[in-house]
Asker: 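Take a look at the following structure, please.
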Amino acid sequence: MKIIVRKVCEKMNRVVLVTGGSRGIGAAICRKFIAAGDTVVLNYRNSYQEALKMREELGDKLILVKADVGNRQEVKVMMDFVLTQLKRVDILVNNAGISQIKPFADITDEDWDEMIRVNLTGVYNCTKGVLPYMIHEKRGKVINVSSIWGEVGASCEVSYSAAKAGIIGFTKALAKELALSGIEVNCVAPGIIDTEMNRQFDLEELKEEVPMNQIGTVEDIAEAVFFLASEASNYITGQVLSVNGGMC
Ligand code: NAP
C-alpha cells in the first residue's frame, strides 16, 4: 500500500519542461500536463503576453521562463534556474520551432542558419542541458516534436524539412546511446495542425490532402506527447509517433 501511495505522489510531482509553450501545440501540451497534476515549466521566447495568460489560466504550477532555445547561454541560464528552483526535470518536451515557406533558390544563408539554430540546435541545447541530471537520476523522458515534413520532405520547405529530419536522426541515435540509462527518447511527428504556424494556408483546401479529411488539433499532439511521457510507454524508445490523419 505504501508503495502505491508513493508512486501516485511521484506521478503528481513530475516536473515537465515544455519549450515553445506560449501558444499552439506547446500550450496544449502544458495544459495536458497541468491537468494531470504535474508542475510545468513553460519556456517562451517572444510571446510574453500569451505566456502570462497561460499562467493566469493554469495557476501556480505553471512556471514561465524566457529563453531562446537556439541560444546556448540563455538555455544554460534557464536550466540552472529550473534545476536550482525545482531540483528536477523529469520530462523534456522539445517543441519550440519556426517555419519558413520559400523556394530553395530563395533561401538565404541567414534563413538556413536561423532554421537550423532554432529547430535543431535548440533541441540539442535543451537536451544537453537536462541530460546530466537525468543520467544521474537514471530516469527521464525526452520527447522531440518533429514533423511529417521531416519524414517525407515538403516542397518549398527544404530547410524546415532538413531540420525536422535531423530531429528524427537525433532521437534515434540518442535513444540507443541512453537505452541502458533509464532514459527514453522519442519524437512525435505531427501532420497538418491548426495553429498560427499554418495561418497563411487555406486549411479547408489542405485537409483534402489528409486521408482522414481532417486537420489535426493541438490536443491530438498533446495526447501523443503525454502518452510518450507516461509509464505506459516505458518500453518505447527511439521511435517516431506520426500523428497525421493517415498522411505518409
Ligand atoms: P506556433 O503556434 O508558431 O508556436 C511556436 C512556438 O515556438 C511558440 O510558442 C514560440 O514562442 C516558440 N518558439 C519559436 N522560436 C523559439 C525560440 N527560439 N525559443 C523558444 N521558443 C521559440 O507553432 P506550432 O504549430 O504550435 O508548432 C509547435 C511545434 O510543432 C514546432 O516545432 C513545429 O515545427 C511543430 N509542428 C507543427 C505543425 C503544424 O502543422 N502546426 C506540424 C508539424 C510540426 P514565442 O512566440 O514566444 O517565440
Asker: Is it the case that the side chain of Arg139 and the backbone of Asp90 share a donor-acceptor pair, with hydrogens and angles ignored and the cut-off at 3.5 Å?
Answerer: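 Not confirmed, Arg139 side chain does not pair with Asp90 backbone.
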
Asker: Is a donor on one side and an acceptor on the other found under 3.5 Å between the side chain of Thr19 and the backbone of Asn95?
Answerer: yes

Asker: Would Val188 and Leu228 count as a side-chain contact (heavy atoms from CB on, under 4.5 Å) here? Give the steps.
Answerer: CA-CA 9 Å; Val188 172; Leu228 289 174; 3.6 Å; yes

Asker: Side-chain heavy atoms nearer than 4.5 Å, only ILVMFWY residues, links allowed to pass through others: does that put Val89 and Leu64 together?
Answerer: no

Asker: Can you tell which of Glu209, Glu205, Glu204 makes a salt bridge (charged side-chain N to carboxylate O under 4.0 Å, His left out) with Lys207?
Answerer: Glu204

Asker: I need the minimum non-hydrogen distance between Asn234 and Ser230, along with the two atoms involved.
Answerer: OD1-O, 3.7 Å

Asker: Show the nearest heavy-atom pair for residues Ala165 and Gly150, with the distance to one decimal.
Answerer: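 Closest heavy-atom pair between Ala165 and Gly150: CB-O, 3.3 Å.
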
Asker: Could you tell me the separation between the CD1 atom of Ile25 and the CD atom of Glu219, rounded to the nearest 0.5 Å?
Answerer: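 Ile25 CD1 to Glu219 CD: 10.5 Å, rounded to 0.5 Å.
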
Asker: Taking the side chain as everything from C-beta on, heavy atoms only, tell me whether Arg199 gets closer than 4.5 Å to Asp194.
Answerer: yes

Asker: Please assess Val240 against Thr171 for the test side-chain contact (heavy atoms from CB on, under 4.5 Å), listing each intermediate value before the final yes or no.
Answerer: CA-CA 8 Å; Val240 181; Thr171 301; over 6 Å; no

Asker: Hey, quick one: are Val18 and Met78 part of the same hydrophobic cluster, counting side-chain heavy atoms closer than 4.5 Å, chains of contacts allowed?
Answerer: no

Asker: Considering only heavy atoms from C-beta outward, does the side chain of Ile215 approach that of Ile193 to under 4.5 Å?
Answerer: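 Side chain of Ile215 against side chain of Ile193, heavy atoms only: no contact under 4.5 Å found.
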
Asker: Could you grab the distance from atom CD1 of Ile183 to atom CG of Leu92, nearest 0.5 Å is fine?
Answerer: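 Rounded to the nearest 0.5 Å, the CD1-CG separation comes out at 11.0 Å.
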
Asker: Working note: Asn244 + Ile192, criterion side-chain contact (heavy atoms from CB on, under 4.5 Å); need CA distance, chi angles, decisive distance, verdict.
Answerer: CA-CA 7 Å; Asn244 59 30; Ile192 305 167; over 6 Å; no

Asker: Side chains of Asp111 and Gln100: do they bring a donor and an acceptor to under 3.5 Å?
Answerer: yes

Asker: Any carboxylate oxygen within less than 4.0 angstrom of a Lys/Arg side-chain nitrogen, looking at Lys32 and Asp38?
Answerer: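 Salt bridge flag = no for Asp38 with Lys32.
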
Asker: Hey, are Glu114 and Arg117 close enough for a salt bridge, meaning a charged N less than 4.0 Å from a carboxylate O?
Answerer: yes

Asker: Between the side chains of Glu196 and Arg23, is the shortest nitrogen-to-carboxylate-oxygen separation below 4.0 Å, so that they form an ion pair?
Answerer: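 Judged by the 4.0 Å cut-off on N to carboxylate O distance, Arg23 and Glu196 do not form a salt bridge.
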
Asker: Determine, step by step, whether Val152 and Cys248 satisfy the side-chain contact (heavy atoms from CB on, under 4.5 Å) criterion, reporting the C-alpha distance in whole Å, the side-chain angles of both residues, the deciding distance to 0.1 Å, and the verdict.
Answerer: CA-CA 7 Å; Val152 304; Cys248 54; 5.6 Å; no

Asker: Of all the heavy-atom pairs spanning Pro211 and Met247, show the shortest one and how long it is.
Answerer: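 Smallest interatomic distance, heavy atoms only, reads CD-N, 3.7 Å.
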
Asker: Specify the closest pair of heavy atoms between Asn119 and Ala163, including all atoms of both residues, with the distance to one decimal.
Answerer: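 Where Asn119 meets Ala163 most closely, the heavy atoms are CB-CB, 3.8 Å.
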
Asker: For the backbone of Lys61 and the side chain of Thr39, can you confirm whether one donor and one acceptor N or O come within less than 3.5 Å of each other?
Answerer: no

Asker: Kindly say whether Ala154 contributes a backbone atom to a donor-acceptor pair with the side chain of Ser161 at under 3.5 angstrom?
Answerer: yes

Asker: With a 3.5 Å distance limit and no angle check, can you tell me whether Arg14 reaches the backbone of Ala36 through a side-chain donor-acceptor pair?
Answerer: no

Asker: Would you mind checking if Glu157 and Lys102 are paired as a salt bridge, meaning a charged N to carboxylate O distance below 4.0 Å?
Answerer: no

Asker: Contact between Ile91 and Leu17 at the side-chain level, heavy atoms closer than 4.5 Å - yes or no?
Answerer: no

Asker: To the nearest 0.5 Å, how far apart are OG in Ser159 and CZ in Phe104?
Answerer: 9.0 Å

Asker: Are the aromatic rings of Tyr124 and Phe170 close, with centres under 6.0 Å apart?
Answerer: no

Asker: Does some side-chain heavy atom of Met79 sit less than 4.5 Å from a side-chain heavy atom of Val130?
Answerer: yes

Asker: Of all heavy-atom pairs between Gly21 and Met54, which one has the smallest distance, and what is that distance?
Answerer: O-CE, 4.0 Å

Asker: Please round to the nearest 0.5 Å and tell me the distance separating atom CG of Leu131 and atom CD of Glu137.
Answerer: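 If I round to the nearest 0.5 Å, the distance is 12.5 Å.
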
Asker: Pair Glu151, Ser242 - check side-chain hydrogen bond (donor to acceptor under 3.5 Å, both in side chains), show working.
Answerer: CA-CA 9 Å; Glu151 297 179 283; Ser242 303; 2.8 Å; yes

Asker: State whether the side chain of Asn125 and the backbone N or O of Val75 hold a donor-acceptor pair below 3.5 Å, judged by distance alone.
Answerer: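 It does not hold such a pair.
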
Asker: Below 4.5 Å, heavy atoms only, C-beta onward: do Cys187 and Ile168 meet side chain to side chain?
Answerer: yes

Asker: Any link between Leu83 and Val142 through a network of hydrophobic side chains (Ile, Leu, Val, Met, Phe, Trp, Tyr) touching at under 4.5 Å?
Answerer: yes

Asker: Nearest 0.5 angstrom please: Leu52 CG to Ser47 OG, how far?
Answerer: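 Between atom CG of Leu52 and atom OG of Ser47 there are 11.0 Å.
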
Asker: Can you tell which of Val123, Val185, Ile167 makes a side chain to side chain contact (heavy atoms under 4.5 Å, CB included) with Asn94?
Answerer: Val123

Asker: Quick one: do Tyr44 and Ile34 end up in the same hydrophobic cluster if we chain Ile, Leu, Val, Met, Phe, Trp and Tyr together by side-chain heavy atoms under 4.5 Å apart?
Answerer: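 In one cluster with Tyr44: Ile34, yes.
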
Asker: Below 4.5 Å, heavy atoms only, C-beta onward: do Val218 and Thr195 meet side chain to side chain?
Answerer: yes

Asker: Hey, is Lys141 close enough to Glu184 for a salt bridge, meaning N to O under 4.0 Å?
Answerer: yes

Asker: Donor-acceptor pair, Asn186 side chain versus Gln239 backbone, under 3.5 Å?
Answerer: yes

Asker: In the single-linkage hydrophobic clustering (I, L, V, M, F, W, Y; side-chain heavy atoms under 4.5 Å), do Val93 and Val243 co-cluster?
Answerer: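 Hydrophobic grouping puts Val93 with Val243.
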
Asker: Using a 6.0 Å cut-off, check whether atom OH of Tyr48 has over 12 heavy atoms from anything other than its own residue.
Answerer: no

Asker: May I ask you to decide if Thr84's main-chain N or O and Lys87's side chain share a donor-acceptor pair within less than 3.5 Å?
Answerer: yes

Asker: Would you say the side-chain atoms of Ser233 pair up with the backbone N or O of Ile236, donor to acceptor, closer than 3.5 Å?
Answerer: no

Asker: Looking only at atom types and distance, does a side-chain atom of Asp220 sit under 3.5 Å from a main-chain N or O of Thr217, one as donor and one as acceptor?
Answerer: yes

Asker: Would you indicate whether the side-chain heavy atoms of Phe33 and Val225 approach each other to under 4.5 Å?
Answerer: yes

Asker: Taking atom NZ of Lys172 and atom CG of Asn144, what is their separation to the nearest 0.5 Å?
Answerer: 13.0 Å

Asker: Any side-chain heavy-atom pair from Pro190 and Val145 closer than 4.5 angstrom?
Answerer: yes

Asker: List the atom of Gly97, the atom of Met197, and the distance in Å for their closest heavy-atom pair.
Answerer: O-CE, 3.5 Å

